[in-house]
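Residue numbers start at 1 and run along the sequence shown.
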Amino acid sequence: MAELMRVDLGEVEYTDAVEAMRGWVTQRQVGTAPDRLFLLTHPPIVTYGRHTALSDLPHDGSLPVIEVDRGGHATYHGPGQLVGYLVINLRDGGPGDVVRWLELALIEALGDLGFAAVRRDTPKGVDSLVGVWTPEHHKIVSIGMRIRGGVTSHGFAINVDSDLGVYERFVACRLDGVTMTSLRKMAEDAGVPVPSMERVRDAVARRLGATVRATSTPSAGMA
């Protein structure tokens with residue numbers, strides 16, 4: 001992948017980010033912006049793709065729910081979770097290439113932070129295992145992307161210090177019974193310090209090749 005520009009945002013409402021993302025994609029398609037990695041967080045929300053079964057969604061009213069235009073199924077976003085949106089020109093690559101590249105880069109980033117992680121191939125007839133997992137097959141990173149006009153959007157979510165209790169309220173990624181985890185849980189189990197959100201941001205950006213920071217302010221980055 002070509003070098004990415006890193007854009008750091010704070011907490012952004014999910015609907016605001018999706019609206020901004022449409023503009024980011026258009027900018028990349030017409031060549032007025034480079035490949036970019038947007039790093040941010042969202043208030044609590046469950047998002048889902050159009051193939052998600054309604055029975056997978058939370059129905060107790062405790063979490064807002066919204067359908068989105070990406071691949072994948074029900075996913076939680078909230079405080080303590082690092083979200084990364086990739087808006088890049090695929091050039092000669094395809095959907096499978098970019099997802100595998102992303103999985104491997106995030107595995108390397110977690111390794112830099114001291115945590116072992118793996119990717120999993122999806123057997124035929126089994127729901128997608130795309131994402132990043134612990135060696136015990138607990139899920140630490142969710143991935144869901146869209147490609148439009150040769151440009152990617154959406155991306156990944158890493159549970160850093162997330163409330164894992166929310167995953168008891170819905171079926172994450174269409175994988176009933178999957179154990180979701182976080183870097184905090186992994187660190188506590190290993191008896192090591194929990195990495196800060198800034199350390200995780202830096203490790204992820206470095207492994208994705210996002211070495212140049214945007215000079216705009218976070219509000220300008222939403223344009």
Quick one: are [X] and [Y] in side-chain contact, heavy atoms under 4.5 Å?
X: V7; Y: L9; answer: yes
X: V151; Y: L90; answer: no
X: H42; Y: V83; answer: yes
X: P64; Y: Y14; answer: no
X: R119; Y: L104; answer: yes

Can a side-chain donor-acceptor contact be found between Q29 and R148 if the only test is distance below 3.5 angstrom? no
Just checking, is any N or O donor in the side chain of E13 or T15 under 3.5 Å from an acceptor N or O on the other one? no
Take T41 and V12 through the side-chain contact (heavy atoms from CB on, under 4.5 Å) test and state the conclusion after the steps. CA-CA 6 Å; T41 62; V12 181; over 6 Å; no
Which distance, rounded to the nearest 0.5 Å, do you find between the [atom1] of [X] and the [atom2] of [Y]?
X: I158; Y: L113; atom1: CD1; atom2: CG; result: 8.5 Å
X: W133; Y: T181; atom1: CH2; atom2: OG1; result: 11.5 Å
X: I140; Y: K185; atom1: CD1; atom2: NZ; result: 10.5 Å
X: R36; Y: I88; atom1: CZ; atom2: CD1; result: 12.5 Å
X: E11; Y: D16; atom1: CD; atom2: CG; result: 11.0 Å
X: I107; Y: D112; atom1: CD1; atom2: CG; result: 12.0 Å

Parallel, tilted or perpendicular: which fits the ring planes of W24 and F38, with parallel below 30° and perpendicular above 60°? parallel
Could you give me the CA-CA distance, side-chain angles and deciding distance for L86 and W101, then say whether side-chain contact (heavy atoms from CB on, under 4.5 Å) is met? CA-CA 12 Å; L86 282 162; W101 164 76; 4.0 Å; yes
Single-linkage hydrophobic cluster M180~V194, side-chain heavy atoms < 4.5 angstrom: no
Let me check something: do M197 and L37 share a hydrophobic cluster, defined by ILVMFWY side-chain heavy atoms less than 4.5 Å apart, either directly or through other members? yes
Does [X] use its side chain to pair, donor to acceptor, with the backbone of [Y] at less than 3.5 Å?
X: T122; Y: L129; result: yes
X: E67; Y: Y48; result: no
X: T75; Y: T47; result: no
X: T32; Y: Q27; result: yes
X: S162; Y: L164; result: no

Per the salt bridge (charged side-chain N to carboxylate O under 4.0 Å, His left out) rule, what does the pair list look like for residues 21-30, sequence neighbours excluded? E19-R22, R28-D35
Output every pair passing salt bridge (charged side-chain N to carboxylate O under 4.0 Å, His left out) with a member in residues 191-202, not counting sequence neighbours, ordered by first then second residue. R6-E198, R6-D202, D8-R201, E198-R213, D202-R213
The criterion is ring pair (Phe, Tyr, Trp, His ring centres under 6.0 Å); which residues satisfy it with Y76, sequence neighbours excluded? Y167
If every non-hydrogen atom of [X] is compared with every non-hydrogen atom of [Y], which pair is closest and at what distance?
X: A105; Y: L208; answer: CB-CD2, 3.5 Å
X: G131; Y: E103; answer: N-OE2, 3.0 Å
X: P193; Y: A187; answer: O-CB, 3.7 Å
X: S153; Y: M21; answer: CB-SD, 3.5 Å
X: L40; Y: A17; answer: CD1-CB, 4.2 Å
X: V65; Y: P58; answer: CG2-CG, 3.7 Å

Using side chain to side chain contact (heavy atoms under 4.5 Å, CB included) as the criterion, point out the one residue from N159, L110, L82, D161 that pairs with L183. L110
Identified side chain to side chain contact (heavy atoms under 4.5 Å, CB included) partner of P44 from the options D163, L63, V166: L63
